[in-house]
Number of protein chains: 2
Amino acid sequence: MTNNEIEKKLALKNVKPTAMRTLVYKTLVNSGKALSLADLEMQFEKVERSTIYRALKSFEENFMVHPVDDGTGAVKYAVCDDDCTCNIHDLHVHFYCTRCGRTRCMKELPIPEMKLPAGYTYDKAQFIIQGVCPRCD
Amino acid sequence: MTNNEIEKKLALKNVKPTAMRTLVYKTLVNSGKALSLADLEMQFEKVERSTIYRALKSFEENFMVHPVDDGTGAVKYAVCDDDCTCNIHDLHVHFYCTRCGRTRCMKELPIPEMKLPAGYTYDKAQFIIQGVCPRCD
DNA sequence: TTAAACTTTGCAACAGTGTTGCACAAACTT
DNA sequence: AAGTTTGTGCAACACTGTTGCAAAGTTTAA
Ligand SMILES: [Mn+2]
Ligand SMILES: [Mn+2]
Ligand SMILES: [Zn+2]
Ligand SMILES: [Zn+2]
């Protein structure tokens with residue numbers, strides 16, 4: 001994705017496309033996997049943790065990325081589909097590879113509806129499958 | 001559960017039943033919900049974080065408790081069934097109530113098998129449903 | 001029963017993650 | 001151009017998880 005496309009997308013989602021935000025979003029979208037704050041921090045040595053942090057937060061608030069907690073201790077962020085509103089229908093399984101540490105969206109696997117016992121209401125869900133990915137097998 | 005029963009259970013699982021370990025396990029089992037290191041630390045002011053930490057680790061290694069990462073930032077621990085080996089067949093959904101912060105096992109809801117794309121192997125999974133529990137509704 | 005060997009606990013320290021206040025810089029308004 | 005709003009960098013902090021080490025406690029074996 002080009003800088004220009006990214007800037008357009010940010011604007012579309014009501015996030016002012018600053019240089020930093022463009023950079024962060026581009027890295028995320030081009031990586032093809034979920035990245036943590038620390039992952040991003042490493043990729044561009046000279047940008048401040050808090051700046052990246054705040055960029056991620058505004059992406060999250062505007063449904064551009066969703067958090068994935070794969071159990072490694074740091075929350076990762078994956079880019080949302082264009083039409084995502086991060087509601088129950090956009091939820092999907094995530095896969096965490098224990099060999100390469102890569103975490104990715106499995107949009108082809110929506111999170112199955114569960115019949116909860118009486119009295120429970122369903123708001124959100126996280127479904128993380130841990131195993132080994134094709135690259136590492 | 002009485003101290004005596006707990007000591008027996010620890011012994012059965014090859015964990016030497018020291019006073020601290022008995023205390024930690026008892027608290028966990030009697031709470032009826034998953035507790036984090038910090039939760040436990042608060043319940044008995046004068047026991048060291050690292051002692052509780054190590055108790056939890058040995059419980060975990062011996063299939064007496066399983067970790068639940070409900071996304072609140074601290075891993076919680078829930079007691080296993082007696083015959084649990086923490087393998088794929090023991091996995092179940094966990095429910096996190098956003099009102100009371102309580103996290104509990106839903107043993108009645110086993111984690112559904114998912115047909116992964118070719119090349120992926122399935123090792124473990126975490127499925128956390130977030131919502132409001134009957135008490136809080 | 002005592003000494004040696006092993007295990008558990010407490011203490012202190014540390015790295016990693018997430019988060020915020022504040023001041024300066026940059027961008028936008030009038 | 002001056003004033004206002006927004007973004008960034010820096011520093012600090014709280015919390016989680018983890019470990020080395022020494023003291024205390026327990027087990028074993030002479
Ligand atoms: Mn995803
Ligand atoms: Mn459970
Ligand atoms: Zn892999
Ligand atoms: Zn509740």
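Numbered from 1 within each chain, the chains take letters A, B, ... in sequence-line order. Note that the structure is predicted; figures quoted are calculated from it, not measured.
Taking the six-membered ring where the residue is Trp, His66(A) and His94(A) present tilted rings, their angle falling between 30° and 60°. In this structure, Phe59(B) and Tyr25(B) have perpendicular ring planes: the angle between them is above 60°, well past the 30° mark.
Separating the CE atom of Met20(B) from the P atom of dG25(D) is a distance of 12 Å, rounded to the nearest angstrom. When rounded to the nearest whole Å, the span between CG of Asp70(B) and P of dT16(D) equals 12 Å. In this entry the distance linking CD of Glu48(A) with P of dG21(C) reads 16 Å, nearest Å. Remark: P of dG10(C) and CD of Glu41(B) are 12 Å apart, rounded to the nearest angstrom. Computed from coordinates, the Arg21(B) CZ to dG25(D) P distance equals 16 Å when rounded to whole Å. Put simply, CG on Leu10(A) is 16 Å from C1' on dA27(C), counting in whole angstrom units. Rounded to whole Å, atom P of dT8(C) lies 16 Å from atom CD1 of Ile52(B). If you take CG of Asp69(B) and C1' of dC15(D), they are 15 Å apart, rounded to a whole angstrom.
Map Thr18(B) and Lys16(A) each onto its nearest nucleotide of DNA chain C; the residue landing nearer the 5' end is Thr18(B).
Taking only side-chain atoms of Ser50(B), from C-beta outward, the nucleotide of dG17(D), dG9(D), dC11(C) with the closest atom is dC11(C).
At a threshold of 4.0 angstrom between heavy atoms, the contacts of Lys46(A) with the nucleic acid are absent.
A salt bridge links Glu60(A) and Lys57(A); the closest N-O separation between the charged side-chain nitrogens and carboxylate oxygens is under 4.0 Å. A salt bridge links Asp70(A) to Lys76(A): one of the charged nitrogens lies within less than 4.0 Å of a carboxylate oxygen.
For dG10(C), the base has a donor-acceptor partner in the side chain of Arg54(B) [N/O atoms by modelled type, under 3.5 angstrom].
The side chain of Arg49(B) places no N or O atom within less than 4.0 Å of a non-bridging phosphate oxygen (OP1 or OP2) of dT16(D). The shortest distance between the side-chain N/O atoms of Thr51(A) and the OP1/OP2 oxygens of dG9(D) is below 4.0 Å. Checking the phosphate oxygens (OP1, OP2) of dT18(D), a side-chain nitrogen or oxygen of Tyr53(B) falls inside 4.0 Å.
Minimum interatomic distance between Pro134(B) and Ala118(A) (heavy atoms only, all atoms of both residues): CG-O, 3.9 Å.
Lys9(A) NZ to Met1(A) CE: the interatomic distance, rounded to the nearest 0.5 Å, is 4.5 Å.
Heavy atoms from other residues, nucleotides or ligands lying under 6.0 Å from NZ of Lys124(A) number 12 at most.
Near DNA chain C, defined here as any heavy-atom distance below 4.0 Å, there are no residues from residues 25-40 of chain B.
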